[in-house]
**Student:** 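The following block contains the structure, expressed as structure tokens.
First the proteins, then the strands, lettered A, B, ... as listed; each starts at 1.
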Amino acid sequence: MCEVQKNSAKNYVIGAALVFGAYYVGNLVTHTFVLPIPGSLVGLLFLLSLLFIFPIFEHHVANFALTPLKHMSLLFVPAVLGVSLYWSEIQQNALAIVLAIVVTTSLCLGTTGWISQRLFSKKNSISKRVIKEASKRDQHKNESTCDD
Amino acid sequence: MINIKMRALAMIDALYNTFSISGITWIAISLTSYFIGLNCHRLCRGHPITHPLIITALLVGLCLYFSQTSVLHYQQSASLLHWLLGPVTVALALPIYRQWQRLRHYGWRLLISIAIGGVIAPLTAWLALYLLDAPSAMQMTMLAKSITTPLAMEASEQIGGIPALAAVFVIVTGVVGAIVSSGMFLLFKVTDRQAQGIALGTVAHAVGTAKAIHMGDDVSAMATLGLCINGIFTALVLPLLFSLFG
């Protein structure tokens with residue numbers, strides 16, 4: 001029992017080191033090469049390639065990252081409250097914003113779904129079987145999605 | 001090297017702010033509000049309008065209002081939360097890695113579907129703002145509305161938008177998308193479950209994906225793929241396009 005716990009604490013630290021390391025590498029790279037891409041995105045791609053080269057790290061990263069990923073919403077609170085600083089701009093453009101968000105999001109949902117349905121209709125019977133197998137596999141993996 | 005130093009300083013700064021009385025108080029208030037938000041969300045069986053972020057932001061906002069605290073002061077006190085967003089964005093690599101095998105199964109059909117959704121959603125939203133003469137910072141921000149919040153905030157900052165607005169636009173988009181999705185799928189006669197998942201994940205990002213989880217395993221897997229791929233590509237392509245032509 002004690003052995004397992006010690007092991008998972010070690011994994012947690014390794015996972016944290018990998019994530020924070022990738023974050024700093026990403027920021028260093030965007031800064032050194034003056035890339036127009038967000039530093040965190042470069043860090044993400046760096047960590048992703050690390051996982052492809054050393055799949056063994058998946059376990060460590062999962063150990064650390066699943067909880068923060070699940071509760072990511074909390075981290076947006078300071079940023080979201082900052083919106084009150086732009087309140088007058090929002091009010092002035094309320095109609096445009098509502099139109100842009102409500103109407104276009106609805107239409108795009110429908111259109112995207114319709115297009116992908118046409119694209120998939122030819123391949124449907126095969127892919128349904130594949131997805132069933134894949135979901136079975138995932139159940140073992142304690143699948144996670146980010147919260148936001 | 002300066003940037004790394006700055007980032008390291010930002011972390012020390014954030015920690016420093018945290019271990020002050022107002023830092024501890026406001027982070028505790030945020031955590032409590034979030035806990036309440038989570039429970040409300042659970043009680044309402046995950047209805048999109050009770051998204052934990054909406055409830056948390058409202059509760060913290062109320063506390064700020066009644067204690068006469070400025071938002072800037074709160075942002076400084078709770079800067080640790082904001083700073084953590086960077087590393088957690090990096091950790092998104094994990095769900096993406098786990099979806100990779102599935103992506104290879106579906107190949108170009110999936111990629112094209114996601115690409116179409118990922119292009120028309122921001123473009124039509126931008127067009128609406130452009131036609132109605134909204135300020136350009138707002139137009140730029142709207143371009144990032146269909147991708148997951150952390151990437152949207154970073155990408156909008158790169159192209160001259162406003163990260164705070166981006167966060168709000170993204171969440172509202174997700175909530176609206178999740179609410180109207182059933183009606184829209186009926187209207188457009190989208191009966192294929194995979195197509196529904198792709199549309200939800202690509203256009204309504206994580207809130208849509210949360211809705212897709214209620215619709216079944218196959219739907220949520222496709223939604224997660226849409227969310228990940230659209231997020232990465234939009235966050236890559238937007239700043240690149242703007243640095244080339246901007």
**Student:** Ignoring hydrogens and angles, tell me if any N or O in the side chain of A:Glu58 forms a donor-acceptor pair with the backbone of B:Arg98 under 3.5 Å.
**Tutor:** no
**Student:** Looking at every non-hydrogen atom in both residues, tell me the closest pair between A:Trp114 and B:Phe188 and how far apart they are.
**Tutor:** CD1-O, 3.4 Å
**Student:** Among B:Leu64, B:Thr191, B:Leu127, who wins on heavy-atom pairs under 4.5 Å with chain A?
**Tutor:**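 So the answer, after comparing B:Leu64, B:Thr191, B:Leu127, is B:Thr191.
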**Student:** Which heavy atom of A:Leu69 sits nearest to which heavy atom of B:Ala91, and what is that distance?
**Tutor:** CD1-O, 3.7 Å
**Student:** Do the side chain of A:Gln117 and the main chain of B:Asp192 share a donor and acceptor less than 3.5 angstrom apart?
**Tutor:** yes
**Student:** Taking every non-hydrogen pair under 4.5 Å, which of B:Ser70, B:Ala155, B:Gly118, B:Ala121 racks up the most with chain A?
**Tutor:** B:Ala121
**Student:** Can you see which heavy atom on B:Ser243 is nearest to which on A:Pro36, and at what distance?
**Tutor:**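 Minimum heavy-atom contact is OG-CG, 3.4 Å.
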**Student:** What part of B:Val71 is in contact with chain A, defined as an atom under 4.5 angstrom from a non-hydrogen atom: side chain, backbone, both or neither?
**Tutor:**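 Contact with chain A is through the side chain of B:Val71 alone.
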**Student:** Please give me the minimum heavy-atom distance between B:Ala57 and A:Val80, naming the atom from each residue.
**Tutor:**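 In this case the closest contact between B:Ala57 and A:Val80 is CB-CG1, 4.0 Å.
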**Student:** What is the distance from atom CD1 of B:Ile116 to atom CD1 of A:Ile115, rounded to the nearest 0.5 Å?
**Tutor:** 4.5 Å
**Student:** Check each atom of B:Leu151 against the heavy atoms of chain A and say whether the ones under 4.5 Å are side chain, backbone, both or neither.
**Tutor:**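 Contact with chain A is through the side chain of B:Leu151 alone.
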**Student:** Just checking B:His82: does its NE2 atom have more than 12 heavy atoms from other residues, nucleotides or ligands closer to it than 6.0 angstrom?
**Tutor:**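 It does not: B:His82 NE2 has 12 such atoms or fewer within range.
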**Student:** A:Ala22, A:Ala62, A:Gly15: which one forms the most heavy-atom pairs within less than 4.5 Å of chain B?
**Tutor:** A:Ala62
**Student:** Which region of B:Pro87, side chain (C-beta onward) or backbone (N, CA, C, O), has a non-hydrogen atom less than 4.5 Å from a non-hydrogen atom of chain A, or is it both or neither?
**Tutor:** both
**Student:** Roughly how far, to the nearest 0.5 Å, is CG of A:Leu81 from CD of B:Gln75?
**Tutor:**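 Here the rounded value is 7.5 Å.
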**Student:** Hey, mind stepping through B:Leu72 and A:Leu85 against side chain to side chain contact (heavy atoms under 4.5 Å, CB included) and telling me if it holds?
**Tutor:** CA-CA 9 Å; B:Leu72 288 175; A:Leu85 304 172; 4.1 Å; yes
**Student:** With a 4.5 Å limit on heavy-atom distance, are the side chains of A:Ile97 and B:Phe169 in contact?
**Tutor:**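 With C-beta onward as the side chain, the pair touches.
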**Student:** What is the distance from atom SG of A:Cys108 to atom NZ of B:Lys145, rounded to the nearest 0.5 Å?
**Tutor:**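 Spacing of SG (A:Cys108) from NZ (B:Lys145) equals 6.0 Å.
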**Student:** A side-chain contact here means heavy atoms from C-beta on lying under 4.5 Å apart; do B:Leu110 and A:Phe120 qualify?
**Tutor:**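 They are in contact (side-chain heavy atoms under 4.5 Å apart), so the answer is yes.
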**Student:** Identify which of A:Val83, A:Val61, A:Leu18 forms the greatest number of heavy-atom pairs closer than 4.5 Å to chain B.
**Tutor:**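 Result: the option with the highest number of such pairs is A:Val83.
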**Student:** At a heavy-atom distance under 4.5 Å, which candidate from B:Leu200, B:Ile114, B:Leu58, B:Leu132 has the highest pair count against chain A?
**Tutor:**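 Heavy-atom pairs under 4.5 Å are most numerous for B:Leu132.
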**Student:** I need the residue from A:Ser106, A:Pro68, A:Gly82, A:Ala65 with the largest number of non-hydrogen atom pairs under 4.5 Å to chain B.
**Tutor:** A:Ser106
**Student:** Out of curiosity, A:Leu74 CG to B:Thr56 OG1, how far, rounded to the nearest 0.5 Å?
**Tutor:** 7.0 Å
**Student:** Using a cut-off of 6.0 Å, state whether more than 12 heavy atoms not belonging to A:Ile53 lie near its atom CD1.
**Tutor:** yes
**Student:** Tell me which of these, A:Ser84, A:Pro78, A:Ala16, has more heavy-atom pairs under 4.5 Å with chain B than the rest.
**Tutor:** A:Pro78
**Student:** For B:Gln196, which atoms come within 4.5 Å of any heavy atom of chain A: side chain, backbone, both, or neither?
**Tutor:** neither
**Student:** Chain B heavy atoms under 4.5 Å from A:Gln92: which part of the residue, side chain, backbone, both or neither?
**Tutor:**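 It is neither, since no heavy atom gets under 4.5 Å.
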**Student:** Return the minimal non-hydrogen interatomic distance between A:Asn93 and B:Ala134, and the atom names on each side.
**Tutor:**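 Closest pair (atom of A:Asn93, atom of B:Ala134, distance): OD1-CA, 3.6 Å.
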**Student:** Crowded around A:Phe20 CZ? As in, over 12 foreign heavy atoms under 6.0 Å?
**Tutor:**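 More than 12 within 6.0 Å, yes.
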**Student:** Which atom names give the shortest non-hydrogen contact between A:Ile101 and B:Met142, and what distance separates them?
**Tutor:** CG1-CE, 3.8 Å
**Student:** Non-hydrogen atoms of chain B under 4.5 Å away: do they reach the side chain of A:Leu50, the backbone, both or neither?
**Tutor:**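 Neither the backbone nor the side chain of A:Leu50 comes within 4.5 Å of chain B.
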**Student:** Would you check if B:Glu154 and A:Leu41 make a side-chain contact, meaning some heavy-atom pair closer than 4.5 Å?
**Tutor:**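 A side-chain contact is absent here, since even the closest heavy-atom pair is not under 4.5 Å.
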**Student:** Quick check on the interface: out of A:Leu95, A:Leu99, A:Leu107, A:Leu75, who has the most heavy-atom pairs with chain B under 4.5 Å?
**Tutor:** A:Leu75
**Student:** Mind ranking B:Ala235, B:Ser181, B:Ala78, B:Ala167 by heavy-atom pairs under 4.5 Å with chain A and telling me who comes out on top?
**Tutor:**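 Winner by heavy-atom pair count: B:Ala235.
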**Student:** Taking side chain as everything from C-beta outward and backbone as N, CA, C, O, which of these in A:Phe52 sits under 4.5 Å from a heavy atom of chain B? Side chain, backbone, both or neither.
**Tutor:** both
**Student:** For residues A:Leu66 and B:Leu94, determine if any side-chain heavy atom of one lies less than 4.5 Å from a side-chain heavy atom of the other.
**Tutor:**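 Sidechains of B:Leu94 and A:Leu66: in contact.
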**Student:** Please classify the contact of B:Tyr74 with chain A as side chain, backbone, both or neither, using a heavy-atom distance under 4.5 Å.
**Tutor:**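 Just its side chain gets close to chain A.
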**Student:** May I ask you to test the B:Val180-A:Thr105 pair for a side-chain heavy-atom distance under 4.5 Å?
**Tutor:**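 A side-chain contact is absent here, since even the closest heavy-atom pair is not under 4.5 Å.
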**Student:** Would B:Trp108 and A:Leu119 count as a side chain to side chain contact (heavy atoms under 4.5 Å, CB included) if you check the C-alpha gap in whole Å, the side-chain angles of each, and the deciding distance to 0.1 Å?
**Tutor:** CA-CA 10 Å; B:Trp108 63 271; A:Leu119 280 170; 4.0 Å; yes
**Student:** Within the structure provided, determine whether A:Thr104 and B:Trp126 are in side-chain contact (heavy-atom separation under 4.5 Å).
**Tutor:** no
**Student:** Considering only heavy atoms, which portion of B:Ile232 lies under 4.5 Å from any heavy atom of chain A: side chain, backbone, both, or neither?
**Tutor:** both
**Student:** Check each atom of B:Ile162 against the heavy atoms of chain A and say whether the ones under 4.5 Å are side chain, backbone, both or neither.
**Tutor:** side chain
**Student:** Where do A:Ile90 and B:Leu165 land on the side chain to side chain contact (heavy atoms under 4.5 Å, CB included) test, with the steps shown first?
**Tutor:** CA-CA 9 Å; A:Ile90 294 180; B:Leu165 271 184; 3.6 Å; yes
**Student:** Hey, what do you get for NE2 (A:His71) to CG (B:Leu84), rounding to the nearest 0.5 Å?
**Tutor:**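 Answer for the NE2-CG pair, A:His71 versus B:Leu84, is 13.5 Å.
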**Student:** Output the distance between atom OG (A:Ser73) and atom CD1 (B:Ile171), rounded to the nearest 0.5 Å.
**Tutor:**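 If I round to the nearest 0.5 Å, the distance is 6.5 Å.
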**Student:** Tell me, for B:Ser146 versus chain A, whether the close heavy atoms (under 4.5 Å) come from the side chain, the backbone, both or neither.
**Tutor:** neither
**Student:** Sort out for me which of B:Leu240, B:Leu236, B:Leu238, B:Val60 touches chain A most, counting heavy-atom pairs under 4.5 Å.
**Tutor:** B:Leu236
**Student:** Could you check which of A:Val77, A:Leu51, A:Leu47 has the highest count of heavy-atom pairs closer than 4.5 Å to chain B?
**Tutor:**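 Winner by heavy-atom pair count: A:Leu51.
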